[in-house]
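Below: the structure, in structure tokens.
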Protein chains: 2
Amino acid sequence: MITETIMVIDDDQDLRESIVEILEDDGYTVTACATAEAALQVLAEKTPRLVLVDNMMPGMGGMALLPLLKREYPATKIIMITAFSTVDNAVAAMRGGADDYLSKPFRRDDLLVAVRRALEVLKFDLQHEEPCMDEALTCLSNPIRRQILAALSVNGHMRFMDITRTLGISDHTKVNFHLKNLKTNNLISQNREKTYRLTPQGEKIIDCLHLLSKRISS
Amino acid sequence: MITETIMVIDDDQDLRESIVEILEDDGYTVTACATAEAALQVLAEKTPRLVLVDNMMPGMGGMALLPLLKREYPATKIIMITAFSTVDNAVAAMRGGADDYLSKPFRRDDLLVAVRRALEVLKFDLQHEEPCMDEALTCLSNPIRRQILAALSVNGHMRFMDITRTLGISDHTKVNFHLKNLKTNNLISQNREKTYRLTPQGEKIIDCLHLLSKRISS
DNA sequence: GCTGTTTGTGAACAGTACTTCACAACTGGA
DNA sequence: TCCAGTTGTGAAGTACTGTTCACAAACAGC
């Protein structure tokens, strides 16, 4: 009933097809690619939540693909597959952002165990969100607060009436209300000269807002 | 009073220092780097909202840096500087995500005009957010709705009571309320068999949630 | 000192978001 | 057929969020 999509990236056709078969037999939906470059194309369309990638491939190898995947699709889990497996190799892969590591040759069960474990971790990840997420998102749910953050991001630091006038809001106490809200949530701070500015936290949030708008509108 | 931070990346020390001087004279705060690699280090710490980058540099060149910057810091504007400027060159840079293009040698005013224009666009970007942002963020401001999206992301598609039980909520009408909300905001859809699943829009949002939590917690 | 602007507080009110409840249509099996 | 579980609606109430207003301290300029 519930099918999870998994991507397999391996230039070795035999191995690739055998992995696909094992996973499909176990009820997963599988997308297979022969090269990292082809995989990136597919990923841009539809992002699976788990990727199996071979270390050694012509063109872009698994190790080169790792940081790209981690940056672009941070939620996606990655299992690295290697033929000539050494400790250094494994450590490098894990440090590079792989979530698990399979040495060739592996048995059917090794593969399935690794896959299930990765998906379990994913489940856990998704259901235990950071507590600060709630505060941040509640803050952002109000357009005035977003405008204040945007204005501060543009202008660096502003005084109270600067903000009020920039937003074109006649009632200054309304702005004050939202400033207080942002202040208690540590997104902005106020120094001795009473000027407001973004905290590092606030800057991250603004950055995320940009990401959101780019992704949502595209 | 209001100082904007600008990053300059150029291996040519003379040119770099002259750019820094021009910008500082005009009241900007400037961070200068001799290589793209050094710049990436600095960017991870503090992200300026405008970067001037030379096309030709030993190591990673401007064109290679472009996609990295665009992906990692989508809000940051990029002005590309080139010595051997051709049309192809310029077009490639703009298509690669540069926001403006300066040919060497340029005059002091050429530089300042380009910088001011980029900052103006930035201002505009920030103050005219997508209208759908408001809906999306209002949706996300509720933890139950986030949990529903997360559950659907993990399980692909679920029926009504699956969701209710997964979230451990005894009153099913409460879940219904939030499902309806998500449905009217086009983040989830329901097919003939009454199962709910994420829309493409909803998948994007979940992806953003991951990004947010990674960025906020780090 | 007076005057006007800036910055701020708290209480009352308005509006929205959320929850609860009572009820009902539908669905698949014994 | 009846029964139990599923899926859903709308109204009423509650809680929370946001707005407005009346007021005031701090400060700058004259």
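Just so we're on the same page: letters track the sequence lines, and every chain starts at 1. Quick caveat: nothing in here was measured; it's all calculated off a predicted structure.
One interatomic measurement links the two molecules: CG of A:Asp171 to P of C:dG8, which rounds to 15 Å at whole-angstrom precision. Atom-to-atom, CG of A:Asp162 to P of C:dT5 comes out at 16 Å; the value is rounded to the nearest Å. Atom CG in A:Asn181 sits roughly 16 Å away from atom C1' in C:dG8 (whole-Å rounding). B:Lys180 places its NZ atom 14 Å from the P atom of C:dC18, with the value rounded to the nearest Å. Summarising the geometry, the separation between CZ on A:Phe177 and P on C:dG15 is reported as 16 Å, rounded to the nearest angstrom. Distance CG (A:Leu179) to P (C:dT6): 15 Å, rounded to an integer number of Å. Rounded to a whole Å, the CZ atom of A:Phe160 is 10 Å from the P atom of C:dT6. Residue B:Leu140 contributes atom CG, which lies 15 Å from atom C1' of C:dA17 at whole-angstrom precision.
Ionic pairing of B:Asp134 and A:Arg146 is present here: one or more N-O contacts between side-chain nitrogen and carboxylate oxygen are shorter than 4.0 angstrom. Ion pair A:Asp26/A:Arg116 flagged as a salt bridge, since at least one NZ, NE, NH1 or NH2 atom sits closer than 4.0 Å to an Asp/Glu carboxylate oxygen. Ion pairing between B:Asp54 and B:Arg16 fails under the 4.0 Å rule for side-chain N and carboxylate O.
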**Item:** B:Ile78/B:Tyr101 under side chain to side chain contact (heavy atoms under 4.5 Å, CB included): CA gap, chis, key distance, verdict
**Value:** CA-CA 9 Å; B:Ile78 303 167; B:Tyr101 188 85; over 6 Å; no
**Request:** Could you go through the side chain to side chain contact (heavy atoms under 4.5 Å, CB included) check for B:Leu187 and B:Leu149 one step at a time?
**Result:** CA-CA 8 Å; B:Leu187 299 184; B:Leu149 291 177; 4.3 Å; yes
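As judged by a 4.0 angstrom heavy-atom cut-off over every strand, B:Glu193 is placed among residues making no nucleic acid contact. Heavy atoms of B:His172 sit under 4.0 angstrom from at least one base atom.
Summary of the strand contacts: B:Lys194 and A:Ser141 both lie near DNA chain D, and taking for each the nucleotide with the nearest heavy atom, the more 5' one is attributed to B:Lys194.
Residue B:Ile144 places its side chain closer to C:dT19 than to any other of C:dT19, C:dC18, C:dT7.
Inspection of the B:Tyr196 and B:Ser189 side chains reveals no N or O donor paired with an N or O acceptor under 3.5 Å.
Side-chain atoms of A:Asp99 and A:Met80, non-hydrogen and from C-beta on, never get closer than 4.5 Å to each other.
The footprint of chain B on DNA chain D, defined by a heavy-atom cutoff below 4.0 Å, extends from D:dT6 to D:dT9.
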